A.B. asks: 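Please see the structure below; I have some questions.
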Number of protein chains: 2
Amino acid sequence: MKIGELARAAQCTVDTVRYYEREGLLPAPSRTDSNYRQYGPAHVERLRFIRNCRALDMAHEEIRALLQYSDQAGSDCSGVNALVDEHIAHVDVRIRELEQLRGDLIALRARCAHDSDVGSCGILQELSHRETDGRPPKHTHLG
Amino acid sequence: MKIGELARAAQCTVDTVRYYEREGLLPAPSRTDSNYRQYGPAHVERLRFIRNCRALDMAHEEIRALLQYSDQAGSDCSGVNALVDEHIAHVDVRIRELEQLRGDLIALRARCAHDSDVGSCGILQELSHRETDGRPPKHTHLG
DNA sequence: TTAAAACCTTGGAGCAACTACAGGGTCAAG
DNA sequence: CTTGACCCTGTAGTTGCTCCAAGGTTTTAA
């Protein structure tokens, strides 16, 4: 099959397929005489694997690790389990962060219940005058 | 004050300050004879405003809008309130998404309770064989 | 048969919000 | 007079794509 068909089979764009090839996630396929990429069922399976991982918000580095485990026939899958557990932990951390953020925003919003003049708006005042808290470094690849 | 002092006052790096200037968030200051940037208290306030917004995960575009409202003395602040409300809604959406994701990941993880061979690992099987769900487009700038 | 439509190719730029250099200039202390 | 701590500009890298441009090929329909 050609690249368009492969892309449709995995619900993504041809640009994305070519990008994965450049990134080394998807192996480069053989070419036709006219230099078109030619894919088989194994490529569909691999691409679906990648897209399923992405749907779970895994980073390319995590996917690369999973693919490596999966390519090492015979070894045990404890690494896979550990990786998924860590990824769940990332998601948990991000949920906590966003819940904290939500609380901060609600509190900020409450500083200006009525539509007043910008000069006396409690929101703008707080944003201008509050001490900056040093931003914590990211713990996860989730934004 | 020089750029390093300003950066310390707002808990960020000098690179970030220069970046905000390039982006038009922070006005370009005057320069000394030796071409050093020279800042005053108004710059500290503005930079703190920006950093406080960033601490609340607002995008530069949102911050730019807030700064514009705030620079229009005399107008009412309903735009500010609306923007904050929308931002809270973005955060809510992202929390829901991550909670859904968390559920999916827990379910996936349950497919391989025991450390087995990679060939029979339920996680890898599911990732390979599940139909790909078309990824929904992003609703927010929050990752 | 031929012309248009629908594919495919490579290469490069753009997004967001920085971060991290390289390769220089300036300034205060010892 | 030299060392170290600053400052300057400009450029490239990060992540996971997306969107061109400028061409070549294949399929379809008139």
Side-chain angles (χ1 to χ4, degrees), chain A residues 1-26 28-39 43 47 50-65 87 90 94 132 134-143, chain B residues 1-26 28-39 43 47 50-65 87 90 94 132 134-143:
Chain A
M1 55 173 50
K2 287 187 285 183
I3 196 169
E5 203 182 337
L6 173 67
R8 271 189 302 275
Q11 303 260 57
C12 68
T13 69
V14 303
D15 274 339
T16 299
V17 175
R18 284 192 282 249
Y19 172 65
Y20 289 161
E21 182 182 322
R22 278 199 303 283
E23 287 295 290
L25 287 175
L26 199 61
S30 57
R31 300 285 185 126
T32 66
D33 289 351
S34 54
N35 200 33
Y36 285 14
R37 288 172 179 81
Q38 225 173 357
Y39 296 98
H43 289 99
L47 182 54
I50 297 167
R51 293 306 290 173
N52 282 326
C53 289
R54 290 292 302 132
L56 296 168
D57 255 352
M58 289 182 196
H60 284 189
E61 211 182 311
E62 293 175 296
I63 300 172
R64 225 182 298 273
H87 186 55
H90 292 164
R94 187 56 180 154
T132 309
R135 297 206 54 178
K138 281 213 223 189
H139 320 288
T140 82
H141 62 273
L142 304 161
Chain B
M1 52 173 48
K2 287 187 284 180
I3 197 170
E5 203 183 336
L6 174 68
R8 271 190 301 277
Q11 303 261 56
C12 69
T13 69
V14 304
D15 275 340
T16 299
V17 175
R18 283 193 282 249
Y19 173 64
Y20 289 160
E21 183 181 322
R22 278 200 303 283
E23 287 294 290
L25 287 176
L26 198 62
S30 58
R31 301 284 184 127
T32 66
D33 289 351
S34 54
N35 200 33
Y36 285 13
R37 287 170 181 83
Q38 224 173 358
Y39 296 99
H43 288 100
L47 182 55
I50 297 167
R51 293 307 288 173
N52 281 326
C53 289
R54 290 293 302 131
L56 296 168
D57 255 351
M58 289 181 196
H60 283 189
E61 212 182 310
E62 293 175 295
I63 300 172
R64 226 183 297 273
H87 186 56
H90 292 164
R94 187 56 180 153
T132 308
R135 299 207 51 178
K138 281 217 227 186
H139 320 288
T140 82
H141 62 273
L142 304 160

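Just so it is clear, the structure is predicted and the values come from calculations on it, not from any experiment. Chain identifiers are assigned alphabetically (A, B, ...) following the order of the sequence lines, protein sequences preceding nucleic acid strands; residue numbering begins at 1 within each chain.
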A.B. asks: Would you check if A:Glu62 and A:His90 make a side-chain contact, meaning some heavy-atom pair closer than 4.5 Å?
C.D. replies: yes
A.B. asks: Determine whether the aromatic ring centres of residues B:His141 and B:His87 are separated by less than 6.0 angstrom.
C.D. replies: yes
A.B. asks: A:Met58 CE to D:dG16 C1': how many Å, rounded?
C.D. replies: 16 Å
A.B. asks: Evaluate side-chain contact (heavy atoms from CB on, under 4.5 Å) for A:Arg37 paired with A:Arg18, printing each intermediate quantity in order.
C.D. replies: CA-CA 10 Å; A:Arg37 288 172 179 81; A:Arg18 284 192 282 249; 3.6 Å; yes
A.B. asks: Any side-chain N or O of B:Arg31 below 4.0 angstrom from OP1/OP2 of C:dG25?
C.D. replies: no
A.B. asks: A:Tyr19 OH to D:dG16 C1': how many Å, rounded?
C.D. replies: 4 Å
A.B. asks: Could you work out, with side chain to side chain donor-acceptor pair (under 3.5 Å) as the rule, every residue matching B:Asn35, not counting sequence neighbours?
C.D. replies: B:Arg31
A.B. asks: Rounding to an integer number of Å, can you tell me how far B:Leu142 CG sits from C:dA17 C1'?
C.D. replies: 13 Å
A.B. asks: For side-chain contact (heavy atoms from CB on, under 4.5 Å), just list the numbers for B:Tyr39 and B:Leu47, CA-CA rounded to whole Å, side-chain angles, deciding distance to a tenth of an Å, and then say yes or no.
C.D. replies: CA-CA 11 Å; B:Tyr39 296 99; B:Leu47 182 55; over 6 Å; no
A.B. asks: Counting side-chain heavy atoms from CB outward, which of D:dC8, C:dC8, D:dC17 is closest to B:Arg37?
C.D. replies: D:dC8
A.B. asks: Under 3.5 Å, which protein N or O atoms sit close to an N or O of nucleotides 27-29 of chain C? Give each pair with its distance.
C.D. replies:
residue, atom, partner, partner atom, Å
C:dC27, OP1, B:Ser34, OG, 3.1

A.B. asks: Does any non-hydrogen side-chain atom of B:Glu21 lie less than 4.5 Å from one of B:Tyr19?
C.D. replies: no
A.B. asks: Figure out the CD/C1' separation between B:Glu61 and C:dA16, and round it to whole Å.
C.D. replies: 11 Å
A.B. asks: Shorter than 3.5 Å, N or O on both sides, protein versus nucleotides 21-23 of chain C: list them out with atom names.
C.D. replies:
none

A.B. asks: In sequence, state the C-alpha distance, the side-chain angles, and the governing distance for A:Thr16 and A:Arg51, and then conclude on side-chain contact (heavy atoms from CB on, under 4.5 Å).
C.D. replies: CA-CA 10 Å; A:Thr16 299; A:Arg51 293 306 290 173; 3.7 Å; yes
A.B. asks: To the nearest Å, how far apart are B:Tyr20 OH and C:dT19 C1'?
C.D. replies: 12 Å
A.B. asks: Measure the distance from CG on B:Leu6 to C1' on D:dC6 and round it to the nearest whole Å.
C.D. replies: 15 Å
A.B. asks: Of B:Gly4 and A:Thr16, whose nearest nucleotide on DNA chain D comes first from the 5' end?
C.D. replies: B:Gly4
A.B. asks: Could you state the atom-to-atom distance from CD of A:Gln38 to C1' of C:dT9 in whole Å?
C.D. replies: 15 Å
A.B. asks: Could you state the CD-P distance from A:Glu21 to C:dC8, rounded to the nearest angstrom?
C.D. replies: 14 Å
A.B. asks: Of A:Arg22 and A:Asn35, whose closest DNA chain C nucleotide lies nearer the 5' terminus?
C.D. replies: A:Asn35
A.B. asks: Describe the nucleic acid contact of B:His141 in one word from base, sugar-phosphate, nothing, applying a heavy-atom distance below 4.0 Å.
C.D. replies: nothing
A.B. asks: Look at A:Arg22 together with A:Asp15 and state whether they make a salt bridge at an N to O cut-off of under 4.0 Å.
C.D. replies: no
A.B. asks: Tell me whether the side-chain N/O atoms of B:His60 come closer than 4.0 Å to OP1 or OP2 in C:dC15.
C.D. replies: no
A.B. asks: Kindly indicate, with the supporting measurements, whether the criterion side-chain hydrogen bond (donor to acceptor under 3.5 Å, both in side chains) is fulfilled by A:Tyr20 and A:Arg54.
C.D. replies: CA-CA 12 Å; A:Tyr20 289 161; A:Arg54 290 292 302 132; 4.5 Å; no
